[in-house]
Each structure stands twice: as C-alpha cells, then as structure tokens.
Amino acid sequence: MVTNEFTRESRLLTPSQFQSVFSNPSRFGSSHFTILITQSNDDNNRLGLAIAKKRVKLAVQRNRIKRLVRESFRLNQHQLPHIEMVVMVKSGIDELDNQQINKQLEKIWRKIIQRHKK
RNA sequence: CGAGUUGACCAGACAAUCGCUGCCUGAUUCAUUUUUAAUGUUUUCAGGGGGAGGAAAGUCCGGGCUCCAAAGAGCAGGGUGCCAGAUAACGUCUGGGGGGCGAAAGCCUACGACAAGUGCAGCAGAGAGAAGACCGCCGAUGGCUAGUUCACUAGUACAGGUAAGGGUGAAAGGGUGCGGUAAGAGCGCACCGGGCCGCUGGCAACAGUUGGCAGCAGGGUAAACUCCACCCGGAGCAAGACCAAAUAGGGUUUCAUAUGGCGUGGCUCGCGUUGAAACCGGGUAGGUUGCUUGAGCCUUAGAGUGAUUUAAGGCCUAGACGAAUGAUUGUCCACGACAGAACCCGGCUUAUCGGUCAACUCACCAA
RNA sequence: GUCCUCAUAGUUUAACCGGAUAAAACUGCGGCCUCCUAAGCCGCUGCUCCAGGUUCGAGUCCUGGUGGGGACG
C-alpha cells in the first residue's frame, strides 16, 4: 500500500541531522535550486528546507516556496531512493510562479532517480 | 442624480481529489498499579468540529507578565508640554479653547515660559537690541559770511536737530488721519490694535467688556542652553521555572570581616553575594513548561455631548517550534492589492486592488 | 524574535557652536607633455539615503520612512 503522507519522520528535525547532510553531500541543481543529498540510514526519505532570508525577503514568499517543495516531495517520495536531502534556494526564485517551480522540482527528482540507478 | 467630507464593515466565492496541525469522541497498542478496572510525556486508525491580519509589518510609544531586593532614597539622564476628561497606561483617544485652510460639511495644528539668566543672527546695511544719521529733510538755537530799517533779514550747511520718505535685510522699536513743528516725532488729539487692573461668563484654557489706568512697552529664536509643571528603576519569553546525558561550575554549618571584588540603569547610598574548613549533593546538550480565558468578543438596557463605563444574558474564537491554513483541476464574477501569528494586549506610523453601508455639506431639478 | 549601530563624489574619510563656494586622497574620463607607456600638470564628475517640519537659513536640530552592518540560544 502506498500512501502520500508527510509525517515528522520524513523530515530533518535537529541541527545534528542537518550537519550529517552538509558534511558529505552530493549536489544537484537547477537555475533556482540547490539540493544536497546523502544516503539514508533507514527506509525513510527525509527532507530539510534551508531558505535564507537573504535570498527571499518576504515571509509570504518563503512560506509559499516551502509549501510547494513539501507538496512535490510528498507526491514523489516513493519513487525516490532512500536518501536524506536539504533543499536550498537561490535568489530570484520569488519571481517564479507555482507551475514553473513545480516543473523544476520534477526535473530534479528525475535526475536523482537516474543517477541512483547507475 | 452630480461634486465632496467623515465614520464603520468586508478582504474572491463554490465544488472535487490529495495532504499538514493540534483539540474532542470512539476503538486499538504499550507501560504502571491490587485481579474486575483505572491512569497516561505511549502507538496506530476512524469520525467530528477549529486553524493567520487589517495591518499579523515597522519596533515608534504605553501596559501586563517574569527575573534582578519587596523596586527603596538622592544625583545624573530621558520623555511629555493650551485646558478638562477617558483609561491599566500612553507621546493614544474624546470634548472644549486659541491659531490657520476651505464656499460649506469638515480638516490641520510640538500650542508652557525669551518681563529669571546666558547665548545666537553669516552676507548686506549707517544701525541687529532699551539701536541707528548713508541718502534725504531741517538748520528754530549757536557759529560763519553778506546786507542794514542794527533787540532785524538773507545766505552757508560748521556745530547740531530729525526716525516722516528712500535704501539694506528674513527681521529696523504700534497703524491711519488731523493738529503741531525749523524739520520731525504719541509731542497732542480721534479711531483701530495691544498692555495692566477690575468686573461678567466658564471647573479651566480662554472669551467678553458701554469700567478704570498709563501714550504704548526690551522684536525673533527654547525641534539653542535653560527655567517651570508632570512622568519615568533596569532588563527582557533567547525573561523565567521544572526534568535531566557527558563534564565538573554549586548548597548547609562554623570561622574569617579587606569596606575591597562581583551582581542590577550611569553614579552614590542601600541590598544580595564572596575567602577558608567540614559535610551534603548539584545541572550544560536535549526535553517539558511559560502558551493562551483575555484590561476578551457579541446582544440588550442604563449613565454621559463623547472617549468610555455599569448591569444582565450568551460565546470560547490559532497556539506552531527546521515552524501548521496548502496544491491541482473545474465553474462564476467586479479578474483578486498589501502581505504570514511566534508571550499577550492598548495605540501610533507605514504598505494596500477594490467593494458595501450610514451620516452630513454644496449645486441642480421637482414639489 | 529581541536589542544595538551606521548612511556625504565610484571608494575611503573631512566640514567648528546651524551661516551660504560641501573639502581632501585614490580611481575613472578628456586634454597637455612623450616616438609610446609610466610619472607630472590642467580640467570634469554631487538631489549630502528619502519625505515632511523647526529656523531668515539645515549635511548638521526634530519626526516618520528606506537600506546596510552587528550582538544574543
């Protein structure tokens, strides 16, 4: 049975968890995203978000981006391998609309899946 | 109906699918206790109902709350500034007064005191403060020159007089008119304006005055120092409290007593704390709590011009913590602005697509 | 989230107690000199972050805003 839930177990919660990703990452990117991933220790995928105030000024826009990333991750998580990832953004992303952001994310997921099969 | 003013309210709607969060109910799992059963910082599932704003923002004021001593005395420092009231409090609000703008409704207003003292005003200008003679006017009086009717007249502009006029400047020591004079001048008078004293109205700010007094007055600047009146202790939920890994900072008793060091705004006082020995146990990472029922909202009635307040009845309306309200699709319309709670309230300020309602003013038309 | 600070040529600093032309160095551009470059010399470049207010007068004083920098678990 496949559910599209997004619980606390699918997130990075503590600073130490974030550190483990930052210490040994492989990078993926697009024009407005940078994604760091490492192999997960158990069966869960974990997502962490790092959206700097410097990159996106307004709180409304930051929230919007976080929601879109989570939503996309939620819908695609079962296709991904068991990894821990941190999503970072580049400046200018707040000028994109929802459809453009979703397209970019889907591209990245495909890249990650392909890379992992090799 | 047109132009405008003020106040209040709303902040796309509906449906389907997939998700997030904590609350309630029921079931389930686990743990503990004395078996039936109860409890819960346990696990999972189902159902129900709730889930960002008018500014949540800037952090500009004011409170609550918490710790520092229970927040205390003095100095320093800061704030406010017409009057009265409202309030928990305010730099906010309400009403009133003065001043300004507008045809009106109405709007704006840091608006105490330069007659307590000190300071400032470049350049220009003669002079910038109880002033001043550059041009001008006069030259009565005194001087000089001339005349002769010799106790006078004319001229000169030397002494000097003069604040009317010109000119300088942001600003030049009441205004207009008449009299007056050598020319002038509140020098005198009339009116206007202002001052002091009184009276009347008002709680007061202030207003009025057909009353009296003195010709009239030292202008501006206090968002210059200052004076006067009133107010303010400091930090902040990363405050603080509790449970507690690693590591090694503490409490009690006795002794000691520098008036030092540290803790609290800047200082002084004051207060707390300290150094040694013995005994006993303590608390960073992390977690829990503080955390939402509150100066709360709605309705009705009373008091008040109003801000507001009193009473009765009803309601519970976000509490997250790597941070919840979303995404996709469809339909409709006026095609959706500014923008996201983080301890909580009262304000102010700033950003903002539009829409609805009420009251009032002016103009036009009709009666 | 809370608490502090700063803003002047392209950059780094000045400008007294508010007083009229906002000063200096480096850089940039144009010119002179030189066969060319460097050096040297001359000239140019400003809404004092923005908007109001106080004052006769504001870079300076007051109020509101904008933008940057920093500290605290």
Side-chain angles (χ1 to χ4, degrees):
Chain A
M1 243 212 35
V2 174
T3 59
N4 289 330
E5 287 171 344
F6 182 65
T7 60
R8 294 183 68 76
E9 286 176 5
S10 339
R11 300 187 193 186
L12 295 175
L13 293 171
T14 60
S16 57
Q17 284 176 303
F18 270 82
Q19 272 310 314
S20 71
V21 178
F22 277 116
S23 60
N24 185 25
S26 36
R27 287 169 175 276
F28 292 87
S30 73
S31 60
H32 291 89
F33 286 99
T34 303
I35 297 183
L36 309 177
I37 66 173
T38 52
Q39 199 67 36
S40 176
N41 294 326
D42 54 33
D43 287 350
N44 283 319
N45 294 315
R46 290 188 214 278
L47 173 70
L49 293 161
I51 297 174
K53 208 172 185 177
K54 214 173 182 182
R55 297 274 173 259
V56 184
K57 286 224 132 191
L58 296 176
V60 172
Q61 297 297 325
R62 282 200 297 280
N63 279 347
R64 182 171 70 93
I65 291 158
K66 283 193 265 186
R67 282 165 185 158
L68 285 168
V69 173
R70 269 194 226 111
E71 184 69 11
S72 183
F73 175 80
R74 183 174 70 78
L75 295 172
N76 291 291
Q77 58 181 323
H78 293 285
Q79 299 168 36
L80 295 171
H82 301 313
I83 52 170
E84 298 189 349
M85 60 191 290
V86 174
V87 176
M88 292 163 70
V89 299
K90 301 174 185 176
S91 40
I93 192 167
D94 51 323
E95 290 163 19
L96 302 181
D97 62 22
N98 291 359
Q99 288 196 344
Q100 286 173 300
I101 290 174
N102 272 329
K103 264 187 198 169
Q104 286 205 12
L105 286 169
E106 278 170 36
K107 259 189 200 171
I108 295 169
W109 304 146
R110 261 183 268 131
K111 259 195 210 169
I112 293 172
I113 292 160
Q114 275 196 345
R115 180 77 64 87
H116 218 78
K117 278 180 184 170
K118 281 179 189 175

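When reading the values below, keep in mind they use all heavy atoms of this one structure, side chains included, and skip hydrogens, waters and symmetry mates. Values in this document were obtained by computation on a predicted structure and should not be read as measured data. Numbered from 1 within each chain, the chains take letters A, B, ... in sequence-line order.
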When you compare [N] with [M], how far apart are their [atom1] atoms, in angstrom units rounded to a whole number?
N       : M       : atom1 : value
G177(B) : A214(B) : P     : 28 Å
C178(B) : G132(B) : C1'   : 29 Å
U5(C)   : A55(B)  : C1'   : 28 Å
G218(B) : G97(B)  : C1'   : 30 Å
C225(B) : C189(B) : P     : 46 Å
C9(B)   : U300(B) : P     : 16 Å
A217(B) : A130(B) : P     : 15 Å

With the threshold set at 4.0 Å, does a side-chain nitrogen-carboxylate oxygen contact exist between Glu106(A) and Lys103(A)?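 Lys103(A) and Glu106(A): not salt-bridged.
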What is the separation between atom [atom1] on [X] and atom [atom2] on [N], rounded to the nearest whole Å?
X        : N       : atom1 : atom2 : result
Ile51(A) : G340(B) : CD1   : C1'   : 14 Å
Arg67(A) : G322(B) : CZ    : C1'   : 15 Å
Arg74(A) : U21(B)  : CZ    : P     : 11 Å

Check the phosphate of A324(B) against Arg70(A), side-chain N and O only, distance under 4.0 Å to OP1 or OP2. Yes or no?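 True: Arg70(A) side-chain N/O within range (under 4.0 Å) of A324(B) OP1/OP2.
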Presence of Asn102(A) side-chain N/O under 4.0 Å of A327(B) phosphate oxygens OP1/OP2: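 The answer is no; no side-chain N or O of Asn102(A) sits under 4.0 Å from OP1 or OP2.
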Pairing check on C255(B): which nucleotide meets the Watson-Crick or G-U wobble criteria with it, both distances under 3.5 Å?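 Partner of C255(B): G275(B).
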Please give the nucleotide sitting opposite U17(B) as a Watson-Crick or G-U wobble pair, both distances under 3.5 Å, or none.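 Checking every strand shown, U17(B) finds its partner in A327(B), with both distances under 3.5 Å.
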Counting side-chain heavy atoms from CB outward, which of G68(C), C18(B), G340(B) is closest to Lys57(A)?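 Side chain of Lys57(A) sits closest to G68(C).
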